[in-house]
Amino acid sequence: MLSTLVGSVLYVVTARSIESDVQERFVRHAKYAQSVISMRIKSYTDLLRGAASVLQSGDTISHRQFHDYVQGLQLARNYPAVDTLNFATWVPDERRPAFEREFTRELQEFLGPAARPAITPPGIRPGYLVMNYIEPDARNTRLYGLDLMANPYFRTQLAQSRDDGKLRASGRPIAALSTPNDNHLGMRLPVYRHGSLLTSTEQRHAAYLGSLGIAFSLPKLLHGVMEEMPISGVRMTLFDIGPREVIGNDTTTWPKMLFDSRASDRNPAPPLDGGADMFTATLPLDFNGRPWQTVYSVPKARLYTDFDGYYPKLMMAFGFLGSVLLYALLHMLTSSRRAALALAQEMTSELRESQTKLQLSHQKLRRLADHAYQIKEIERKRIAREIHDDLGQSLLALRIEAELLAGRTKGTHSHLHKRARTTLLQIDTTIKSVRQIINDLRPTVLDLGLSAAVEWQVDQFQKRTGIQCDIRDDHGEIALPDHCATAFFRILQESLTNIVRHANATHVKVELRLHGNWLSLTVRDNGCGLPPGGRNKYGSFGLVGIEERIVILGGTCAVFSEPDGGTTVMVSAPVVGGPEQPVLAQQQVGSGSAVI
């Protein structure tokens, strides 16, 4: 009864601990997906701000200039979720006749004589915010001339944006573009006259030129976010939880559901997941001042591994057996010599079984370490790709905008031109830093093959430290699996790092050789060598990491060192047939490590 109680307690504690760890891992994945969404929203906000800067950088802009600028952005490729980029001009009532004539003339020059825009809805108002630039759907005349100030809700929002100069985000889907499973949202930013002071509400009101807006598809914006999560079956539901504001006849329930990855035409609003068999995570999201809320949910079974399933049972068995063994020990002390010998014989048998289990556990831990290394490299590669695709593209777009600003101010605004050139230099410096970060995470040259990666790493090491390096590679490029090439590359990195930190060497020789189905890497230096006990120094894991990486591949590791004679690190592993079954290959060739 005592053994059963101990085993049950260990089972419950272990099961709860695993569930807590799995839930925490799920929340981390959800937070990462949330950060990806935030970055995409920011990139579209930056697009709007950049376009507004272009409009404010000059005194005038024509329909053709606006069209050419938007065409140069290549929205379909760089910003696939964008529906339109549009500009509405502020027209006081006294300027309406002159504006209508100029608007008609410019639109006919751009679209042809058939274009005859009119301010809609009709009627006399103190002022109008007339939609007159619409891209890339420039030939759809349905929205040209639309007065945004005619809508009471929009009039209030646009007036506030004009007076405080802040960006306003759409609180509701755009009715003309949205469908039950495809909501379209908008953002608008006020545009002021070039060179005007904007320190007070009165100054902003006097310099107000109009409002620049962007309309985009929310499903397209979120496309691919769920695929990047390493968990299948995750559901994402996005809500607008801002103040409940009624636009026209929109009286739907609140909070407003904007997106559901599980929605369909037959069931556009399925109920949220719940129950004891589900993990859920609710995270906030800021849409340019508009509060959103994202709910992620997934069945618990999708996150549990086979190890998570049997580990609580293993702990229960361990608690039960431990209690039984303790009782057996007490019984042995009070029993006769014959009973003691019988018990010792039984424990010997159990010890052998335990040794067998321990060996199996070592193999499982090694496979787990291999999996962890691969996950780490995949994550590095993915982060490098994300930085390159998202941050790199954003920096490039920002540089283009800054260079355009510098070109427009050259010769006319020397101070602003100087600031623009300074900004260009800062952007170039940031781009170099981003490239260095990407190479630190996972050098792109590794995709060209191990030989090219080794040559690049040695060249970078020589430039960085000034230590003379020689490379010997008689076989050219060697075809081998990606995880194997990555392991050899990381071993070379760690070996060169140890040389810089400890060896005080002036010359390094790197050899990469292929012997049959085995690939070997040798790194020699002429430094001070390993001190006595240096191999097992507390807190030093460099050589341990090298050994573990190569043993996982089913290979061998050896470190040769002589006092004042330098150190040699030599690793080898099978590259044909070996990587698929590293444990079996290890047993056949006698993998391991040696330090001499």
Side-chain angles (χ1 to χ4, degrees), residues 32 34-57 68-82 85 167 187 189 214 216 221 224-225 228 288 376-410 413-449 452-453 455-465 486 489-490 493:
Y32 170 74
Q34 200 79 335
S35 66
V36 172
I37 297 174
S38 298
M39 290 179 60
R40 293 186 178 183
I41 291 175
K42 184 180 183 302
S43 67
Y44 281 68
T45 303
D46 292 342
L47 169 66
L48 182 60
R49 294 188 185 278
S53 299
V54 172
L55 293 175
Q56 292 181 160
S57 63
D68 292 342
Y69 169 73
V70 176
Q71 288 294 316
L73 292 176
Q74 298 184 2
L75 297 178
R77 185 180 68 180
N78 299 322
Y79 305 93
V82 171
L85 190 66
L167 185 147
M187 296 182 289
L189 186 67
I214 183 175
F216 62 91
L221 180 72
V225 173
E228 295 180 5
N288 294 300
K376 181 179 178 180
E377 293 298 335
I378 292 173
E379 189 68 6
R380 284 187 173 189
K381 185 175 181 180
R382 185 191 58 75
I383 292 174
R385 184 177 66 250
E386 287 293 332
I387 292 176
H388 178 272
D389 293 345
D390 293 340
L391 183 57
Q393 292 296 329
S394 298
L395 287 174
L396 181 58
L398 184 60
R399 190 188 188 285
I400 293 173
E401 299 298 337
E403 189 170 9
L404 180 61
L405 179 59
R408 285 179 174 272
T409 56
K410 184 177 181 181
H413 301 83
S414 58
H415 180 69
L416 184 57
H417 177 70
K418 182 178 179 181
R419 294 297 299 271
R421 297 305 302 180
T422 303
T423 302
L424 275 174
L425 293 176
Q426 292 175 346
I427 294 173
D428 290 338
T429 302
T430 304
I431 291 175
K432 291 180 180 178
S433 299
V434 169
R435 288 174 178 169
Q436 183 62 41
I437 291 172
I438 292 174
N439 277 331
D440 290 342
L441 286 172
R442 188 181 189 275
T444 55
V445 73
L446 194 57
D447 296 330
L448 301 179
E455 183 177 352
W456 175 84
Q457 178 64 27
V458 171
D459 182 67
Q460 292 294 314
F461 172 81
Q462 189 170 245
K463 291 179 180 179
R464 186 174 66 253
T465 63
T486 302
F489 181 78
R490 295 302 181 192
Q493 278 187 324

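- Between Ile41 and Asn288 the shortest side-chain heavy-atom distance falls below 4.5 Å.
- Within the model, atoms CD of Gln393 and OH of Tyr79 stand 8.0 Å from one another, a figure rounded to the nearest 0.5 Å.
- The existence of a salt bridge linking Lys432 and Asp428 is excluded, since no basic side-chain nitrogen approaches an acidic carboxylate oxygen closer than 4.0 Å.
- Rounded to the nearest 0.5 angstrom, Arg49 CZ and Ile214 CD1 are separated by 12.0 Å.
- Within the 4.5 Å cutoff, the side chain of Glu455 has no heavy atoms near those of the Asp459 side chain.
- Residues Arg490 and Gln493 meet the side-chain proximity criterion, which asks for heavy atoms closer than 4.5 Å.
- Every residue two or more places apart in sequence or in another chain was checked for a ring-ring contact (aromatic ring centres under 6.0 Å, His included) with Phe461, and none qualifies.
- Of the inter-residue distances, the one linking Leu189 atom CG with Ser53 atom OG reads 8.0 Å to the nearest 0.5 angstrom.
- Closest approach of Ser43 to Ser394, counting heavy atoms only: CB-OG, 4.2 Å.
- For the pair Arg40/Val225, a side-chain contact is recorded, criterion being any heavy-atom separation below 4.5 Å from C-beta on.
- Atoms CG and CZ, on Leu405 and Arg408 in that order, are 9.0 Å from each other to the nearest 0.5 Å.
- Residues Leu73 and Asn78 have side chains not in contact (no heavy-atom distance under 4.5 Å, counting atoms from C-beta outward).
- Side-chain contact between Arg419 and Thr409: absent, with no pair of heavy atoms (C-beta onward) separated by less than 4.5 Å.
- Annotation: side chain to side chain donor-acceptor pair (under 3.5 Å) contacts of Glu403 (sequence neighbours excluded): Arg399.
- Across all non-hydrogen atoms, the minimal contact from Ala81 to Leu221 is CB-N, 3.6 Å.
- The distance from the CZ atom of Arg421 to the CG atom of Leu416 is 12.5 Å, given to the nearest 0.5 Å.
- In this structure, Gln460 CD and Thr465 OG1 are separated by 11.0 Å, a value rounded to the nearest 0.5 Å.
- Taking the six-membered ring for Trp and thresholds of 30 and 60 degrees, Tyr44 and Phe216 have ring planes inclined between 30 and 60 degrees apart.
- Counting heavy atoms from C-beta on, the side chains of Leu398 and Thr423 never come closer than 4.5 Å.
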